[in-house]
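All remarks here apply to the structure that follows.
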Amino acid sequence: VTISADNPYIKCVDNVILSADETVLYARFTFATGTEYNAPATLTEIANYAFAENATLTTVTLPESVKTIGTNVFNKCVALSSVNIPASLTEIPTGMFSGCKKLESVVLPEGITAIQDNAFYSCYGLTSINIPARVTTIGENAFYASSLKSIVIPDAVGTIGASAFYSCEDLTDVTIGSSVTEIGENAFYTYSFEPNMIVYCKPLTPPALGSQPFDEGITIFVEKEAYETYTANESYQPYSIKIRADLSAIDVTLDEAGTLCNKVNEEQLNGVTTLTVNGTINGTDFEYINRMPLVKEINLAKATIVPGGTEIITTDNELPRFAVKNLTKLESITLPENLTSLGDSCLVAPGEYTGDLLLQNVTIPPTVTSIGAGAFANRAGLKEANMPEGLKYLGKEAYYGCEGLTSINIPAAIDTIRESSFMGCTGLTEINFNEIIKVIEGYAFDRCKSLETVVLPNSIDSIGNSVFADCPKLKNVTLS
């Protein structure tokens, strides 16, 4: 595009239309192919749709001099991953980042007071954002279908617009600011069949609710003095209302198994985020731990597991089946130092088919010699398998669906890799076999989509059906 150098109003620089004095940016042509754009230091204003549908643009740098940004400025910039937002801005305009699928995180300036309609609509890659304390308005569809995991609505906000966080399927932690008076229709609705969102609602007077603002059955924590007001409000009947205790770390020692309930009272249950248990514990204690909805970290290093329980049954020194089945916030667990066995499905992800991303750290002691079937199934966030060197038994589907694993070392005493043990470990790129492996059962590494090379030891006697099925990158299999 060529514009006469004598034009007193506009100019074209690198396929970008600017005002003659370079204070206003009108548009960047969609046929522009560069991936980065550095705006001129003189810029003060950006027009509506200025960068809309620039498919190759990944990074934009704006000067602090920018004071005005129009609507839908980066609409459908599908490759955009990084933008600095000038501190002089007071709002995120309508549709500013709508359809920016690759945008993963944004830092909003402290001066922002409003997030307008559709501001981050369909930003599928957006996993985190800070909402500044001065924000008073969150518009309709503001974060529609994003991948946010947690959000804190500031105390200055009065209204949360309809569908503001609609279809945010990964959103599990929500704090509603103390001044919120209205939560719009479908504001936090996800259509989840197994909703695990936990909401802390700070207002003492229940905010007015539009139609289906949350998934039915979620837990809403409120202040003690507001509990009766919320439970008496008909709009809140579809939800589980509980009193919020102060979030805290609790460290207890049990002289007798089955007595954790005597150390942590009912009100504290709703506030525990970090739990350390020493002494003897049994299934009854694990049942009680599973009633702690906010717990993120568990330390059982100095605990000893003994027989007991009714729903969760424990035996000596074995982590029981479904030990943490209800803990949807769990990020880290340290197992007892004297543990000898991980039972079947002991740390399986909550929800029958859910790929859990939160649990990333599991500390397994060197005393463990057996890992049961499905022990870590669908723990997609797990980064390391941490199989002890003394491990002698690995059950089928032990690490099924652990998509975060990239490398595994098969311990020296394992001679059989059972059916589907590492099936669906889509991030796995490296397998280090020991020199005594004799049997690899069917589907053991099925759907390990990142695996490129495998070296098998000459001790192998038997390989089952479809061991490496659906491994599209696998090019080389060597028998050493």
Minimum heavy-atom distance between [X] and [Y], given as atom pair plus value:
| X | Y | value |
| --- | --- | --- |
| V157 | T159 | CG1-O, 3.5 Å |
| G139 | A164 | O-CB, 3.7 Å |
| L405 | A385 | CD2-N, 3.5 Å |
| A52 | N72 | CB-O, 4.1 Å |

- [ ] Can you run down the salt bridge (Lys or Arg N to Asp or Glu O under 4.0 Å) pairs that involve residues 170-193, sequence neighbours left out, and say none if there aren't any?
- [x]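 Applying salt bridge (Lys or Arg N to Asp or Glu O under 4.0 Å) to every pair that reaches into residues 170-193, excluding sequence neighbours, yields D173-K329.
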TODO: Return each pair, listed once, that meets salt bridge (Lys or Arg N to Asp or Glu O under 4.0 Å) where at least one residue sits in residues 146-166; pairs must be two or more places apart or across chains.
DONE: D155-K202
Does [Y] offer a backbone N or O that forms a donor-acceptor pair with the side chain of [X] under 3.5 Å?
| X | Y | result |
| --- | --- | --- |
| T56 | G34 | yes |
| N290 | K325 | yes |
| S65 | A41 | yes |
| N75 | Y49 | no |
| S345 | A375 | no |
| R379 | L347 | yes |
| D21 | T23 | yes |
| Q237 | T231 | yes |
| T429 | T406 | yes |
| S147 | G125 | no |

Task: Working for side chain to side chain contact (heavy atoms under 4.5 Å, CB included), residues M292 and V264 - done: CA-CA 10 Å; M292 300 178 182; V264 182; 4.2 Å; yes
Does a side-chain heavy-atom distance below 4.5 Å link [X] with [Y]?
| X | Y | result |
| --- | --- | --- |
| F74 | I69 | no |
| D215 | Y189 | yes |
| I417 | F422 | yes |
| P213 | I183 | yes |
| L148 | L126 | yes |
| N270 | P293 | yes |
| T181 | P203 | no |
| F286 | V277 | no |

Open item on the list: Going by salt bridge (charged side-chain N to carboxylate O under 4.0 Å, His left out), name the residues that satisfy it together with K224, two or more places apart in sequence or in a different chain.
Closed with: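 With sequence neighbours excluded, K224 shows a salt bridge (charged side-chain N to carboxylate O under 4.0 Å, His left out) to E267, given in chain and number order.
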- [ ] Mind telling me whether F165 and F188 have parallel, tilted or perpendicular rings, with 30° and 60° as the class edges?
- [x]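 Correct class here is parallel.
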Task: Parallel, tilted or perpendicular: ring planes of Y166 versus Y191, cut at 30 and 60 degrees - done: perpendicular
TODO: Using side-chain contact (heavy atoms from CB on, under 4.5 Å) as the criterion, list what pairs up with P86, not counting sequence neighbours.
DONE: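 Only L62, E64, V66, S88, L89 meet the side-chain contact (heavy atoms from CB on, under 4.5 Å) criterion with P86.
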- [ ] Quick one: list whatever passes side-chain contact (heavy atoms from CB on, under 4.5 Å) with T363, sequence neighbours left out.
- [x]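 Per chain and number, T363 pairs via side-chain contact (heavy atoms from CB on, under 4.5 Å) with T334.
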Open item on the list: As a quick check of understanding, evaluate side chain to side chain contact (heavy atoms under 4.5 Å, CB included) for I3 and K11, giving each step before the final call.
Closed with: CA-CA 6 Å; I3 296 176; K11 62 168 57 173; 5.6 Å; no
Those residues that, when tested against [X], pass ring pair (Phe, Tyr, Trp, His ring centres under 6.0 Å) (two or more places apart):
| X | value |
| --- | --- |
| F322 | none |
| Y400 | none |
| Y121 | Y144 |
| F376 | Y399 |

Using a cut-off of 6.0 Å, state whether more than 12 heavy atoms not belonging to [X] lie near its atom [atom1].
| X | atom1 | answer |
| --- | --- | --- |
| E234 | CD | no |
| N465 | CG | no |
| E384 | CD | no |

Open item on the list: For a side chain to side chain contact (heavy atoms under 4.5 Å, CB included) check, start with the C-alpha distance between L25 and L18, then their side-chain angles and the critical distance, and finish with the verdict.
Closed with: CA-CA 5 Å; L25 191 156; L18 299 162; 3.7 Å; yes
Can you tell me how far the [atom1] atom of [X] sits from the [atom2] atom of [Y], to the nearest 0.5 Å?
| X | Y | atom1 | atom2 | value |
| --- | --- | --- | --- | --- |
| L269 | I243 | CG | CD1 | 12.0 Å |
| L330 | L358 | CG | CG | 8.5 Å |
| I408 | I431 | CD1 | CD1 | 5.0 Å |
| N141 | N118 | CG | CG | 5.0 Å |
| E297 | S332 | CD | OG | 5.0 Å |
| N130 | I151 | CG | CD1 | 8.5 Å |

Open item on the list: With side chain to side chain contact (heavy atoms under 4.5 Å, CB included) as the test, pick out the partner of I333 among L327, V324, N299, N361.
Closed with: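 Considering L327, V324, N299, N361, a side chain to side chain contact (heavy atoms under 4.5 Å, CB included) with I333 is found only for V324.
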Below 3.5 Å, can you tabulate the donor-acceptor pairs from side chains in residues 443-456 to any protein atom, sequence neighbours excluded?
from : atom 1 : to   : atom 2 : distance (Å)
K449 : NZ     : D470 : OD1    : 3.1
K449 : NZ     : D470 : OD2    : 2.8
S450 : OG     : T426 : O      : 2.6

Task: Criterion side chain to side chain donor-acceptor pair (under 3.5 Å) on Y200 and E223, from CA distance to verdict - done: CA-CA 9 Å; Y200 169 36; E223 296 298 330; 2.2 Å; yes
Open item on the list: Would T172 and M197 count as a side chain to side chain contact (heavy atoms under 4.5 Å, CB included) here? Give the steps.
Closed with: CA-CA 4 Å; T172 57; M197 183 183 292; 5.5 Å; no
Open item on the list: Regarding E430 and S407, do their side chains bring together a donor and an acceptor under 3.5 Å, going by distance alone?
Closed with: yes
Name the atoms and distances for all side-chain donor-acceptor pairs under 3.5 Å in residues 91-114, with sequence neighbours left out.
from : atom 1 : to   : atom 2 : distance (Å)
E91  : OE1    : Q116 : NE2    : 2.8
T113 : OG1    : T90  : O      : 3.1

TODO: Name all pairs fulfilling the side chain to side chain donor-acceptor pair (under 3.5 Å) condition that reach into residues 25-39, sequence neighbours left out, sorted by first residue then second.
DONE: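 Non-adjacent pairs meeting side chain to side chain donor-acceptor pair (under 3.5 Å): R28-N54, N38-T61.
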